[in-house]
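Only one structure is covered here, and it is reproduced in the block below.
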Amino acid sequence: MKIMVTALALAGVMLSADAFAKESIKGVEEAVLTDAPNVPPPIKRQNSTKVIVHLETKEVIKKMADGVDYTFWTFGGSVPGKFIRVREGDEVEFHLQNHPSSKMPHNIDLHAVTGPGGGAAASMTAPGHTSTFTFKVINPGLYVYHCATAPVGMHIANGMYGLILVEPKNGLPKVDREYYVMQSEFYTKGKYGATGLQPFSMEKAIKEQPDYVVFNGSVGAMTGDKAIAANVGETVRLYVGNGGPNLVSSFHVIGEIFDKVYVEGGTKLINENVQSTLVPAGGSTIVDFKVEVPGTLIIVDHSIFRTFNKGSLGMLKVEGPENKTIYSGKTHDEVYLPEGGTIQTLNEGAPPLVLAKNKADQMKFGKRVYENACMACHQSGGEGIAGSFPPVAKSDFLNADKNRVIKTVLVGLTGQITVNGKTYDSVMPAQQLSDEDVANVLTYVYGSFGNSDKVVTPSEVKSIRAKVTK
Ligand SMILES: [Cu+2]
């Protein structure tokens, strides 16, 4: 008798588990799709539904870097493709629309699909056509999707990838901010920075020697006023994908520690307190962290030449009150000159990639040079650091004598100087910058921070260089 009861109870459990697996689909909704760095809102629904996705493939010419254009093949008009967000158990009705202006057929392989090709064959679409197929998302996680039309490598290399998040049935823990960051690399005929419309280089792609490694489709897509943002005390989640086509990313945020990493974009294995996490080509990761102190956090691929020479640099700007117990900032600075005070040289000067045509260009390019070459010491607002680095904001030293300032940047400066009534006796290293970069950065400094708005031209820099480097 007892045995019978147990057997019945067991059967009951099995029945309800089965019913859960086949949770019925209730309702229909059109998916909200977003461009990076934004993600669609978290899913509040407690049931599975039918989600309709309309995604358009389109070939567009867009900016890869200043002065550099590229014909991107896209899912939704930009790189990376639109972010798709569904819930475990949902049924997705997918419409892939290939714009009539496309020169190529395209399709989609979603890594969230359980089925041959991830939907590739079912979604093969000629220009001016739409294909429809459906799939059920049975595994939660963060998945890459990409085009899988031959030559597959070329379609991916041209920008055809994006992310689809399948939220677990019970959702992901709530955070204050969520962003979409996708790394990928580009192979161009010309070198990094070579101007004009750059064609794809199959040769470099096969050798796995990209000219560009970027976040969100272009150099600078997440820097300056396009930086992502958070406030002190908030929790931030990055949905990170890697479109490849070839490189693995050593994803890192300078000045932060990932409190949680959803390893490889899965939902079961959660690592804690991680500095850098690998993101495979065609793979993903989810990282959560709380921002405790204000400042600009730099997002990089820690394969670091990619960051400083190929473009994989993004920014997260954190605003709010300081917390000196977590980070004091510099408390002391004294001159340390073991080599006897010779001026060292910093910032190897590469020729500028695009020549400034007017003052507005000089200001724009100069700002970038300032951020790379001067900001670490003179600070973002030019305020300097008391006792160590003189201000270049409202600086009487700067405004008094343009030629002396050009010389300072070219050969460095040492010995006692007075800036706005305070003395400094330190060393500024010589900056190895091209004439154009020096002209641009000084035009930027003069035109900012309450200074006297002088323009510095490359020929002025050239003539001073001829005198001081003899
Ligand atoms: Cu394609």
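Just so you know, ligand 1 is whichever comes first in the structure, and atom 1 is the first atom listed for that ligand. Note that the structure is a prediction, hence the values are computed from the model and not measured.
Using bins of under 30°, 30° to 60° and over 60° for the plane-to-plane angle, the ring pair Phe133/Phe94 lands in the tilted bin.
With ring centers used as reference points, Tyr370 lies under 6.0 Å from Phe449. Aromatic pair Phe75/Tyr145: centroids less than 6.0 angstrom apart. Between Tyr179 and Phe215, the ring center distance fails the sub-6.0 Å criterion.
Within a 6.0 Å sphere centred on CD1 of Ile270, heavy atoms belonging to other residues, nucleotides or ligands number more than 12.
One finds a salt bridge joining Glu234 and Arg177 here, because a Lys/Arg side-chain nitrogen approaches an Asp/Glu carboxylate oxygen to under 4.0 Å.
Legend: protein N/O/S atoms lying under 2.8 Å from the Cu ion (ligand 1), waters omitted, number 4.
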